[in-house]
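One structure is given here, and the rest of the page talks about it.
We name chains A, B, ... by the order of the sequence lines, and we start the count at 1 in each one.
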2 protein chains.
Amino acid sequence: MAKDPAPALQRRTLTLRDVSDASGVSEMTVSRVLRNRGDVSGPTRERVLAAARALGYVPNRIAGALASQRVNLVAVIIPSLSNMVFPEVLTGVSEVLEDTGLQPVVGVTNYSPEREEKVLYEMLSWRPSGIIIAGLERSPAARAMLENAGIPIVEIMDVDGTPVDSAVGISHRRAGRKMAEAIVQAGYRRIGFLGTMMPHDHRARKRLEGFEAALAAQGLQVEDREFYSGGSALLKGREMTEAIMTRSPDLDFLYHSNDMIGAGGLLWCLNHGIDVPGKVGLAGFNGVELVQGLPCRLATMDACRLEIGRRAAEIVAGKRPDGATSGVVIELEPKLEPGDTIRRI
Amino acid sequence: MAKDPAPALQRRTLTLRDVSDASGVSEMTVSRVLRNRGDVSGPTRERVLAAARALGYVPNRIAGALASQRVNLVAVIIPSLSNMVFPEVLTGVSEVLEDTGLQPVVGVTNYSPEREEKVLYEMLSWRPSGIIIAGLERSPAARAMLENAGIPIVEIMDVDGTPVDSAVGISHRRAGRKMAEAIVQAGYRRIGFLGTMMPHDHRARKRLEGFEAALAAQGLQVEDREFYSGGSALLKGREMTEAIMTRSPDLDFLYHSNDMIGAGGLLWCLNHGIDVPGKVGLAGFNGVELVQGLPCRLATMDACRLEIGRRAAEIVAGKRPDGATSGVVIELEPKLEPGDTIRRI
DNA sequence: ATGAAAGCGCTAACAA
DNA sequence: TTGTTAGCGCTTTCAT
């Protein structure tokens, strides 16, 4: 599984020894000064700091980590950086880790289980203090690695499933259901779905499942659907909307699996003089801030991204009020933001 | 400068020794098998791999790195993850590092020189094999760290300045100039500027400088300007456009410092029935794929993000045809994409 | 093809 | 308050 690494050799960098020599203080005392540990007299302290600064000494965390058996790294493993949702999760994580001495390290899987396995393995090989990882579905090997890691694991974004350890997220099935109920209640009946063609986006799948289940409970179903992969999501939203509305002109609602394609759909409808939300209603998902800038506010559902990042970080950092670092499950409540694209009744 | 770290203690994880015991092969041979190094007989090899897999052994890179004095990490330090431009740089970096055994590790500075210093220090403490870092402007301390690191350094995005070692980017001054020239040549004369209020976004500043210089050369100047910070860029684009067009209704061109606010401006103009590009021309910057999905294609200038990521990674990975890993300076040529928002003449 | 010894740079534990 | 010793888990080097 591990690839053959052949990185360049380091040029020799400064060691504690160099600072020790330059300051005339033992390595151990230098180490203490640099870590603010134990009692060191003022003058000694100053001399050490001066020497370290003058030399431009940067501690070697590799040696430090090996000796102390502690690593100030938290692995954060996410599927993508390019869809506006995960950067916000990272913001939440960073905020909380800021003053803990812990450092987030990001790994990206591109929604590929194989990449996830590899990224996880690489991360674990650095013996991080905790892992924050998106989703609950993964390969048996990846799950085994998480189970055996012996560190706090927080699976984020989703709570529809069984976490290895802790979980912080929303129920995407319930989110889909909730949206369907709001749509039906608003009087829409002929409903189309537009989404991504990503077999590994389990959260989008669960939203659709919940959505369809709720429709079925009302004797309704998704009348037509469109899927895309790759390219500009905004453009795809336009194109798919054109396609689906041409094929099924009597649709009165378009549910999009994310805000970006929802925005594309909205722009297409407005361009074509379609009465939104009178003739056609629209909704997206995620609650990205982009929707606030559209000609009218796209209905969406907040995925609680910032909050998820924060709560997950609190768990691995041991910052919860109850101090728990494992076995915590937090289900957040996504809020429906009806905006201007769902008819008020 | 280093904060006091207090991460959790590791639970003991498996060591080479455990695999050695389980397979009845010496630690040394186990190590060789796991790294595909040296000659190991087929049967021995199998036994070791079987044992490692059965136990779920994950090598300890910390110990490995300390012993071998090599680290397969490349630090990538960028100002932000939330503005669509850096994720694409990262994609380019990852692509190239993919099959080199090197791993990118991302640090985010939020355009703060202090954070940059801290992130850089943290990164260096892990003794990475190379550094890819955005921009050429930084604190003297940060510059000193880069100079003394003794590893390949690639400063990216910008070439208007003096790199510590290597640089890959575009000239933002020239980009601004080029845009101004195109605008003037298209016949626009009363030009407004909309941008971010970020004193540390040196590239945006340089673009504006180049832009104004080119206008001045034609006896023109920026007639009015608006700045924003924070919030939804798309919404800010709308709001700023409304503000500037209300205050200076005779403006005939709006130059935006990025595509997102440009898109907001475009949507505002279209909503208000303003003839684009007849009455008012518009342009953004970056060439993000979002612009393809707008009602009409916003003029923009490709910032060569993917290419920058790739070329930078090639340098640190020693993958250039000439094998150079230092002192390489590559200036890429940003392409003007006139779209539909600059009048054709 | 395999093993033994030394040591990477630091910190824990103990001694003075 | 400061110093000494041992060793973290691995790889390098050298021996067999």
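- Closest non-hydrogen pair, A/M123 versus A/A75, comes out as SD-CB, 3.7 Å.
- Side-chain N/O atoms of A/Y57 include none lying less than 4.0 angstrom from OP1 or OP2 on C/dG9.
- Annotation for A/R17: atom CZ does not count as buried by contact number, only 12 or fewer foreign heavy atoms lying within 6.0 Å.
- With respect to the salt-bridge test (charged N to carboxylate O, under 4.0 angstrom), the residues A/R203 and A/E137 do not qualify.
- The CD atom of A/E46 sits 17 Å away from the C1' atom of D/dT2 (whole-angstrom rounding).
- In terms of modelled atom types and a separation under 3.5 Å, the side chain of B/D165 and the main chain of B/I153 share a donor-acceptor contact.
- B/Q69 has no side-chain polar atom (N or O) that falls below the 4.0 Å cut-off from OP1 or OP2 of D/dT12.
- Taking only side-chain atoms of B/L66, from C-beta outward, the nucleotide of D/dT1, C/dC10, D/dG9 with the closest atom is D/dG9.
- Atom-to-atom, CZ of A/R17 to C1' of C/dT11 comes out at 17 Å; the value is rounded to the nearest Å.
- The salt bridge (charged side-chain N to carboxylate O under 4.0 Å, His left out) search around B/E95 returns B/R310, not counting sequence neighbours.
- Contacts of B/N60 with the nucleic acid, taken as non-hydrogen atoms under 4.0 Å apart, involve only primed sugar atoms and P, OP1 or OP2.
- Note: CZ (B/R47) to C1' (C/dT2) measures 12 Å, nearest angstrom.
- Regarding B/R61, its CZ atom lies at a distance of 9 Å from the P atom of D/dT11, rounded to whole Å.
- Look at B/S26 and you won't find any side-chain N or O under 4.0 angstrom from OP1 or OP2 of C/dA4.
- Put simply, CD1 on A/I62 is 23 Å from P on D/dG7, counting in whole angstrom units.
- Look at B/S31 and you'll find a side-chain N or O under 4.0 angstrom from OP1 or OP2 of D/dT11.
- Here the nucleotide nearest the side chain of B/L16, chosen from D/dT2, C/dT11, D/dT11, is D/dT11.
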Identify the pairs formed between an N or O of the protein and an N or O of nucleotides 12-16 of chain C at a distance under 3.5 Å, and give each distance.
from, atom 1, to, atom 2, distance (Å)
C/dA12, OP2, A/R35, NH1, 3.2

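- Of the possible donor and acceptor atoms, one in the side chain of B/S68 sits under 3.5 Å from a partner among the backbone N and O of B/G64.
- Regarding B/E27, its CD atom lies at a distance of 11 Å from the C1' atom of D/dT11, rounded to whole Å.
- Contact of the A/P128 side chain with the A/V105 side chain is not registered, since no non-hydrogen atoms from C-beta on lie closer than 4.5 Å.
- Not a single donor-acceptor pair under 3.5 Å links the side chain of B/T29 to the backbone N or O of B/V25.
- Between B/E307 and B/R311 a salt bridge is recorded (basic side-chain N to carboxylate O distance below 4.0 Å).
- Phosphate proximity of C/dA1 to B/T29: absent, as no side-chain N or O sits under 4.0 Å from OP1 or OP2.
- Taking five base pairs at each end of the helix from C/dA1-D/dT16 to C/dA16-D/dT1, the local helix axes there meet at an angle of 30°, rounded to 10°.
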